[in-house]
Amino acid sequence: MDLALISAAVIALGVLVYIVLDGFDLGIGVLFAVAPDADARATMMNSIAPVWDGNETWLILGGAVLFAAFPLAYAVALPALYIPLMLMLFALIFRGVSFELRFKAANPRPWDFAFAIGSTVAAFMQGAMLGGLVAGIKVEHNAFAGGPFDWLTPLAVAAGLGVVAGYALLGACWLVLKTEGHLQARARVWGRWLVAAVLAAMGVVSLITPLDHPQVAARWFSGLNFVYLAPVPLAALAVAFLVWRGLGQGWERTPFFLAALLFLLGYAGIAISLWPHIVPYALTIWAAAAPPSSQVFTLAGVAVSLPMIAIYTIYAYRVFRGKVGAEGYHAH
Amino acid sequence: MDLDATTLARVQFAFTIGFHILFPTLTIGLGVFLVGVEALWLKTKKPVYFRLYRLWAKIFALGFGMGVVSGIVLSYQFGTNFSRFSEITGPVLGPLLSYEVLTAFFVEAGFIGVMLFGWKKVGPRLHFLATCLVAIGTLNSAFWILAANSWMQTPQGAALIGGRFVPEDWWAIVFNPSFPYRLAHMVLASFLTVSFVVAGTSAWYLLKRRHEEIARRGFSLGLGAAAILAPLQIFAGDLHGLQVRETQPMKVAAMEALWTTTRGAPFVIFAIPDAAAERNRFEIAIPFAGSLILTHSLSGEVKGLKEAKPGDRPPVIWVFTTFRLMVGIGFFMLAVALFGIWQRWRKRFYTSRLLMRLAVACVPLGFVAVIAGWMTAEIGRQPWTVYGLLRTADSVSPVPAAAVATTLVLFIVVYIFLFGAFLYFVDRLIKKGPDEAELPPHAPEAMHGARPALVVESGPTSEKAR
């Protein structure tokens, strides 16, 4: 049994769930900047207040399982991404405390501002880190050997903007699902613009990566690979079109799930490009894997816990299902 | 101090983890307190318990939020600041932290929404279950993080092969020699701290003659719990001390500022240890008391710092001072709790203003003792990250000192600001007090109890009901 492969699959799943779940609540924060009024901001906040904390836990899971199963990757990639990672953490601190403090402050505006900026910076830095990874990390003797700003490339900026747009798209689709009336109508308009922005960013990343990295170009274009792999970008285009159309047609629930599917396809595209590296293009998942005893112990915990986590997470979402208004859970 | 990358990385980690531990200290104890109060509410149906729950749940929520955001930082800081350490110990510590996420963070995050916002969404039993699960989550978190940290103090069950620890026996790793003592010591510390937070806040209300019903109940519950917990904590601390003497003799030598191995060692009350001269200045000591405390025998042998090479000794003055601060606070709390029993016996419990003032003074002391105790434990482990096996100097990341210094300054600025905001809002919540008009849920009237919309811009009507 290939333990490294299973551990990599668990991390990939955790990161995917994180992207979709925290993606929509970070996206709500990005959209705070264009929210029409205080009522809309209160409604937007109420739509995520009971669930955001669980969503963010998937980020900690990703960090912890990476540390457990691929300690070498954790030890190489984190110093390489030191600056964007720290900026993301600061941004998450500000947006995280805003949830509690905006409802307790006499004037919520400073906290709304912190929430919007924090969410946007966190989303951008996550994209920039992804871009930094895709661009490759300089490794010598199993340690990061580059400079503190190596990650800052045009690719990182494009990926950062793409993730901001993508999270905002998920947030807009979440608002279509959870709100009604004026705000929902706005969210539909935002969503349609954001689909275009996401596609543009995906296009730029898809162009730069194979041009910069022959091995990525070979993965996609050598032999018949393109024929086998073409369904991924084609499906992404089709799904993007459906999200755009659904938002215009008055669909309520489907756009959110389609937007999540769009993320899944983009994610699959990056996975195809990088496979089997966990630190591109220096360490494969097997080179970075922890000893089997570590992986077996971690995976046993994951196998027992994840199904339970899935059940009670779905339960928590069901408790707070349905449309929300400005008068939220905080106003008992 | 030599501000190289190693020192900066350590200062940064110490600062962020020291800031973080304040909030779990609050929420571990408060989570259990909320379980107790909600159980009393369900059993007696007395609104006083419901109001106590609502008041302290708000403070729990603030502390929890601060704990989450400052905790996420830590889960990545191992890698950013101590990448060599991460690479070498990841196979042991990574799985323990993964179990913490799986059995603690997800459970807490999954049910805190129901606990805080679900009063009208779920029935009373389900709500109580949510409160219990959040409390269990906080305790699970303490279990795994103490297992990980204790393994760094008393490592076993893993072999250092090819530049990394390879786990051989997970039971031995988790239940390493110092773990049971340290888990008990930390959980009791949290309970004791929160007992005084509740008692002291209630005492403040009593002094101001406000919210007297819930204040009397909180004062009685808090000081009652402290009277049990303070002696228990001193007992647990003593047991822990006996164990540290066996496994980390240099830590104990630093705690006692004992330079030469001695039978019948004195207990040093005050001294300024001088590491260069290998002796203490201005020492005031009780003969034989050190051996009595550490070995439970007047002639017991206590190892001195000179047993280790100068480079292998912890920074004595820090360990010595922080240990005394922690112990001093512990005995002061015991004295206040005993005074509470005395006043109860004299039927002056709710009228003794001295007792109330003492309880108010104790509110921050538990947190100070926790920080001091962790400093004793962590500085006392130096110069090792994994005791005896991996040196701190061999643990840090290849990140430039300038980058670490910049983020350190940012952390200090941001955390001071956050701490100020936290204290400001806790202060406001406490000054506002419980909402006496609020009706308990699951009564017909409660369905109409919702307040007008949440704030539209600022103004006199913007006081939120939460």
Side-chain angles (χ1 to χ4, degrees), chain A residues 38-39 42 49-51 53-54 56-57 59-61 63-65 67-69 71-72 74-76 78-79 82-83 85-86 89-90 92-93 96-97 99-101 103-104 106-108 142-144 148 290-291 293-294 297-298 301-302 305 309 312-313 316 319-320 326-332, chain B residues 61-62 65-66 68-69 72-73 75-76 78-80 83-84 86-87 90-91 94-95 97-99 101-103 105-106 109-110 112-114 117-119 121-122 164 166-168 170 397-400 403 407 410 414 418 421 425 428 438 449-451 453-458 462 464-466:
Chain A
D39 247 17
V51 293
D53 183 34
E56 212 160 282
T57 307
L59 180 65
I60 314 178
L61 180 72
V65 177
F67 185 29
L72 186 55
Y74 182 89
V76 170
L78 267 52
Y82 187 85
I83 288 171
L85 188 68
M86 285 291 177
L89 293 173
F90 283 116
L92 287 178
I93 288 171
V97 296
F99 279 97
E100 279 301 315
L101 300 187
F103 289 107
K104 295 190 168 73
N107 176 10
N142 280 345
F144 173 57
S293 54
S294 301
F297 185 62
T298 309
V302 167
S305 315
I309 291 167
Y312 63 68
T313 302
V319 167
F320 297 99
E327 178 198 308
Y329 313 111
H330 282 82
H332 291 292
Chain B
L62 266 180
M66 299 287 283
V68 169
V69 296
I72 291 176
V73 172
S75 71
Y76 286 90
F78 292 115
T80 53
S83 67
R84 289 282 301 141
S86 303
E87 185 189 333
L97 299 185
S98 299
Y99 272 81
V101 180
L102 293 166
T103 64
F105 297 159
F106 273 112
I112 192 160
V114 177
F117 311 128
W119 278 107
K121 298 260 179 189
V122 299
R164 63 181 183 177
V166 176
E168 286 169 347
W170 281 104
S397 296
V399 173
T407 50
L410 273 175
V414 169
L418 278 182
F425 285 105
R428 265 176 54 127
E438 185 184 22
R451 292 295 181 85
L454 253 190
V455 196
V456 192
E457 296 311 75
S458 56
S462 70
K464 256 76 67 249
R466 167 119 189 242

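The chains referred to below are lettered A, B, ... by the order of the sequence lines, with proteins before strands, and numbering in each begins at 1. Bear in mind the structure is a predicted one, so any value in this text is a computation, not a measurement.
To the nearest 0.5 angstrom, B:T407 atom OG1 is 10.0 Å from A:L89 atom CG. Between the CZ atom in B:F105 and the CD1 atom in A:I309 there is a gap of 12.0 Å [rounded to 0.5 Å]. To the nearest 0.5 Å, atoms CG (A:L85) and OH (B:Y76) are separated by 7.0 Å. Atom-to-atom distance recorded for B:S98:OG and A:I60:CD1 is 11.5 Å, nearest 0.5 angstrom.
In terms of non-hydrogen atom pairs under 4.5 Å with chain B, the most contact-rich of A:L101, A:L72, A:I83 is A:L101. Among the candidates B:G110, B:A421, B:G113, the residue making the largest number of heavy-atom pairs closer than 4.5 Å to chain A is B:G113. Between chain B and the options A:P148, A:A69, A:P291, the largest number of non-hydrogen pairs under 4.5 Å is found for A:P291. Put simply, of A:V51, A:V65, A:V319, the one with the most heavy-atom pairs under 4.5 Å next to chain B is A:V319. Ranked by heavy-atom pairs shorter than 4.5 Å toward chain B, the options A:V302, A:T313, A:T298, A:D53 are led by A:D53. Between chain B and the options A:P79, A:S294, A:A143, heavy-atom pairs under 4.5 Å are most frequent for A:S294. With chain A as partner, the option from B:I72, B:I112, B:V68, B:L97 having the largest number of non-hydrogen pairs under 4.5 angstrom is B:I72.
Heavy atoms closer than 4.5 Å to chain A are found in both the backbone and the side chain of B:V73. Of the two parts of A:S293, the backbone and the side chain both hold a non-hydrogen atom closer than 4.5 Å to a non-hydrogen atom of chain B. Only the side chain of B:L418 comes within contact range of chain A, with at least one heavy atom under 4.5 Å from a heavy atom of that chain. With a threshold of 4.5 angstrom between heavy atoms, B:P400 approaches chain A through side-chain atoms but not through N, CA, C or O. The contact between B:S397 and chain A is made entirely by side chain atoms (from C-beta outward), counting heavy-atom distances below 4.5 Å.
Between A:Y312 and B:L102, the closest heavy-atom pair is OH-O, 4.4 Å. Listed here is the closest heavy atom pair of B:G94 and A:A68: C-CB, 3.2 Å. Here the closest heavy-atom approach between residue B:V69 and residue A:L92 is recorded as CG1-O, 3.9 Å. Minimum heavy-atom separation, A:P71 to B:P91: CG-CD, 3.7 Å. Among all heavy-atom pairs drawn from A:A290 and B:R164, the shortest one is CA-NH1, 3.8 Å.
Aromatic ring centres of B:Y99 and A:F297 lie closer together than 6.0 Å.
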Go through B:L62 and A:V97 one step at a time and tell me if the side-chain contact (heavy atoms from CB on, under 4.5 Å) criterion holds. CA-CA 8 Å; B:L62 266 180; A:V97 296; over 6 Å; no

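Contact annotation: the side chain of A:F320 approaches that of B:V114 to within less than 4.5 Å [non-hydrogen atoms, C-beta and beyond].
Legend: residues meeting ring-ring contact (aromatic ring centres under 6.0 Å, His included) with B:F78, ordered by chain and number and at least two apart, are A:F67, B:F13.
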